[in-house]
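Let me begin by presenting the structure, written as structure tokens, before commenting on it.
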Amino acid sequence: MTVRTRFAPSPTGYLHIGGARTALYCWLEARRRGGTFVLRIEDTDQERSTQEAVQAILDGMNWLGLRHDEGPFYQTLRMDRYREVADRLLREGKAYYAYESKEEIEAMRNDAMARGVKPRYNGYYRDRNEPYRDDPNRVIRFKNPVGGSVVFDDKVKGRIEWSNEELDDLVIFRSDGFPTYNFAVVVDDIDMGITEVIRGDDHVNNTPRQINIYHALGAPVPEFAHLPMILGPDGQKLSKRHGAVSVMQYRDDGFLPHALLNYLVRLGWSHGDQEIFSVAEMNTLFDVSDVNKAASRFDVAKLSWLNQHYLKNDDPLELAAEFEWHLRRIGIDPDQGPAPADVIVALRDRVQTLKEMAERARTWYAPISEWDEKAIEKHLKTDTAPAALEDAKTRLAALAEWTPVAIHGVVEQVAAALELGMGKVAAPLRVAMTGTQISPSIEHTIYLAGRDGALARIDDALARARG
RNA sequence: GCUCCCUUCGUCUAGUGGCCUAGGACACUGCCCUCUCAAGGCGGGAACACGAGUUCGAGUCUCGUAGGGAGCACCA
């Protein structure tokens with residue numbers, strides 16, 4: 001049988017880190033085994049589901065490159081089907097109508113808690129065979145098996161056994177006529193032929209009751225893999241307050257999609273000591289059976305390291321588009337300045353994100369807006385700076401070819417001619433080019449300014465050196 | 001309260017009874033390189049939650065304790 005996995009988010013918000021990892025693992029498992037990855041939107045919660053959230057999830061997956069093979073399927077479009085299956089269960093005596101009000105159920109629950117036992121529905125209507133009545137409290141409950149236990153081998157957690165005594169007759173159809181989650185997922189997973197249910201481990205407790213529904217429906221039970229949670233840096237549950245929010249926030253913060261993917265794939269999974277995985281490698285190496293059982297914390301420092309790794313190793317031309325997106329985002333026109341790929345090469349050893357890169361690239365796309373006074377004092381207003389700048393200006397103006405290598409030659413010539421150390425020449429030039437004491441190597445910094453720009457900046461610096 | 005799950009350096013992890021005086025990576029840190037900042041190279045500190053067993057031998061198996069987490073809904 002061909003493998004089919006699915007990612008089934010409920011559209012109540014953006015695609016967050018945990019959801020993205022679940023989606024990634026579902027996708028990878030399908031890819032490695034030549035299977036199909038299905039996307040299903042679980043929107044039966046009318047109160048909280050929104051169209052914007054659906055779009056946000058789609059956007060997030062798209063940015064990460066997690067393409068689904070089938071779907072998206074919407075549960076709200078399958079209402080007739082759930083009804084049909086529930087009717088079948090009713091007809092076969094595997095489900096029944098119950099008429100307690102929510103208040104009565106609540107009371108039952110509180111009473112059980114007070115007595116120190118697990119709250120369960122008491123099964124009042126289970127074998128009563130009362131004629132159907134059109135009561136506003138009417139719900140359909142599933143007849144959970146009474147004795148025995150449910151056993152399943154979770155691909156990450158291992159064997160889990162659950163006594164049926166712990167399970168009660170859960171509601172599968174609410175009084176408002178909507179199916180409940182535990183029922184809808186099972187019907188969907190059966191209909192969509194899902195063979196591997198990969199989801200967050202907050203669902204482990206639901207699994208036994210779902211398995212009972214599979215049995216009642218006479219459907220084959222899929223494999224389950226329950227993924228541990230991703231915690232915030234402080235070990236607490238991830239939330240907006242921790243900053244680790246929408247995956248799109250990571251885009252805004254300057255992370256590369258494959259860097260995030262690499263980080264996520266290693267969070268809870270490993271392949272020996274390997275840290276760097278291309279998407280193609282993940283596709284062949286990832287196996288959900290090798291996922292760890294324990295929760296892990298999200299560490300931006302490591303993500304940043306991976307991000308820089310890709311910044312340094314990817315083809316600058318391929319990075320250009322995403323980089324230009326960041327330039328425009330902060331109001332820079334990539335066409336009015338050096339080639340973005342050249343800027344990437346100059347800055348990639350110095351920043352960890354594209355966002356930082358864009359900010360530091362501003363030097364070459366716009367006039368210097370802020371001068372570091374300390375830099376002027378220290379490197380321009382010196383005995384040797386004016387002469388060094390003058391000489392550099394003359395030589396740069398006469399340079400045959402405008403390349404970093406040639407410019408490097410100029411800086412050396414100036415140093416030799418004036419009998420100065422490289423630092424005494426590079427420093428004033430650096431301040432002249434950027435207004436600060438920090439920049440990439442001086443030849444690249446000058447190169448990126450362009451010949452006209454470089455000469456103009458030297459003039460400007462000369463004026464400040466003498467002023 | 002009840003049920004289920006989890007526990008190796010600060011963090012992510014390797015480790016499936018002897019290869020472990022516990023390996024790698026991020027972070028931190030020392031030195032080197034150096035026109036600044038980085039990047040890079042070479043080093044360093046840093047962990048098997050605890051207690052009993054089983055065994056010739058336990059990070060690895062069993063039980064218990066402690067600490068975390070999840071669920072116990074007409075929410076997914």
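What you see is a predicted model; the values in this text were computed from it and never measured.
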For ring-ring contact (aromatic ring centres under 6.0 Å, His included), just list the numbers for F277(A) and W269(A), CA-CA rounded to whole Å, side-chain angles, deciding distance to a tenth of an Å, and then say yes or no. CA-CA 12 Å; F277(A) 294 87; W269(A) 174 82; 5.2 Å; yes
What is the per-nucleotide protein-contact pattern of nucleotides 58-70 of chain B, from the 5' end, where B denotes a base atom under 4.0 Å from a protein heavy atom, S denotes such proximity for sugar-phosphate atoms only, and - denotes neither? -----------SB
What contact category does R141(A) fall into here, base, sugar-phosphate, or nothing, at under 4.0 angstrom with non-hydrogen atoms? sugar-phosphate
Quick one, D202(A) with H226(A), criterion side chain to side chain donor-acceptor pair (under 3.5 Å). Give me CA distance, side-chain angles, the key distance, then yes/no. CA-CA 8 Å; D202(A) 46 331; H226(A) 287 98; over 6 Å; no
Positions of residues 151-167 of chain A (non-hydrogen atom under 4.0 Å from RNA chain B), listed by number: K157(A), W162(A), E166(A)
Where the side chain of R21(A) meets the backbone of L267(A), is there a donor-acceptor pair that is under 3.5 Å apart? yes
Can you tell me the base-pairing partner of C37(B)? Count Watson-Crick or G-U wobble geometry only, both distances below 3.5 Å, and say none if there is no partner. none
Determine which nucleotide pairs with C2(B), using a 3.5 Å limit on both distances of a Watson-Crick or G-U wobble pair. G71(B)
Searching all strands shown, indicate the nucleotide that pairs with G59(B) (Watson-Crick or G-U wobble; both distances under 3.5 Å). none
If you look at every strand shown and take non-hydrogen atoms under 4.0 Å, does R120(A) touch a base, only sugar-phosphate, or nothing? nothing
Sticking with atom C1', work out how far C75(B) lies from A49(B), rounded to a whole angstrom. 35 Å
Considering only heavy atoms, which members of residues 426-434 of chain A lie under 4.0 Å from some atom of RNA chain B? A426(A), R430(A)
How is S296(A) classified with respect to the nucleic acid when contacts are heavy atoms under 4.0 Å: base, sugar-phosphate, or nothing? sugar-phosphate
More than 12 non-hydrogen atoms from neighbouring residues, nucleotides or ligands closer than 6.0 Å to NZ on K157(A), yes or no? yes
Atom NZ of K94(A): over 12 foreign heavy atoms under 6.0 Å: yes
Pick the C1' atom in A58(B) and in A22(B), then give their distance to the nearest Å. 13 Å
Classify the nucleic acid contact of D43(A) as base, sugar-phosphate or nothing, counting any heavy atom under 4.0 Å across all strands shown. nothing
With heavy atoms under 4.0 Å as the rule, sort E100(A) into base, sugar-phosphate or nothing. base
Donor-acceptor pair present, E275(A) side chain and G24(B) base, under 3.5 Å: yes
C1' spacing across the pair U16(B) / A52(B), given as an integer number of angstrom: 23 Å
What does U7(B) pair with, Watson-Crick or G-U, if both distances are under 3.5 Å? A66(B)
Roughly how far apart, to the nearest Å, are C9(B) and G45(B) at atom C1'? 10 Å
Can you name the residues that form a salt bridge (charged side-chain N to carboxylate O under 4.0 Å, His left out) with D135(A), not counting sequence neighbours? R133(A)
Categorize D168(A) for me: base, sugar-phosphate, or nothing, with a 4.0 angstrom heavy-atom threshold over every strand shown. nothing
Does C20(B) pair with anything, Watson-Crick or G-U wobble, both distances under 3.5 Å, and if so, with which nucleotide? none
Contact list for residues 132-166 of chain A, test ring pair (Phe, Tyr, Trp, His ring centres under 6.0 Å), sequence neighbours left out: Y97(A)-Y132(A), F152(A)-F224(A)
The side chain of P119(A) is closest to which nucleotide in this list: A76(B), U36(B), A73(B)? A73(B)
Measuring only the P atom in each nucleotide, how far is A25(B) from G68(B)? A whole number of Å is fine. 33 Å
Using salt bridge (charged side-chain N to carboxylate O under 4.0 Å, His left out) as the criterion, list what pairs up with D315(A), not counting sequence neighbours. none
Using a heavy-atom cut-off of under 4.0 Å over every strand shown, decide if S439(A) touches base, sugar-phosphate, or nothing. base
Between N307(A) and Y263(A), does the side chain to side chain donor-acceptor pair (under 3.5 Å) criterion hold? Intermediate values first, please. CA-CA 9 Å; N307(A) 202 56; Y263(A) 179 70; over 6 Å; no
For G51(B) and U60(B), measure between their P atoms and round to the nearest Å. 13 Å
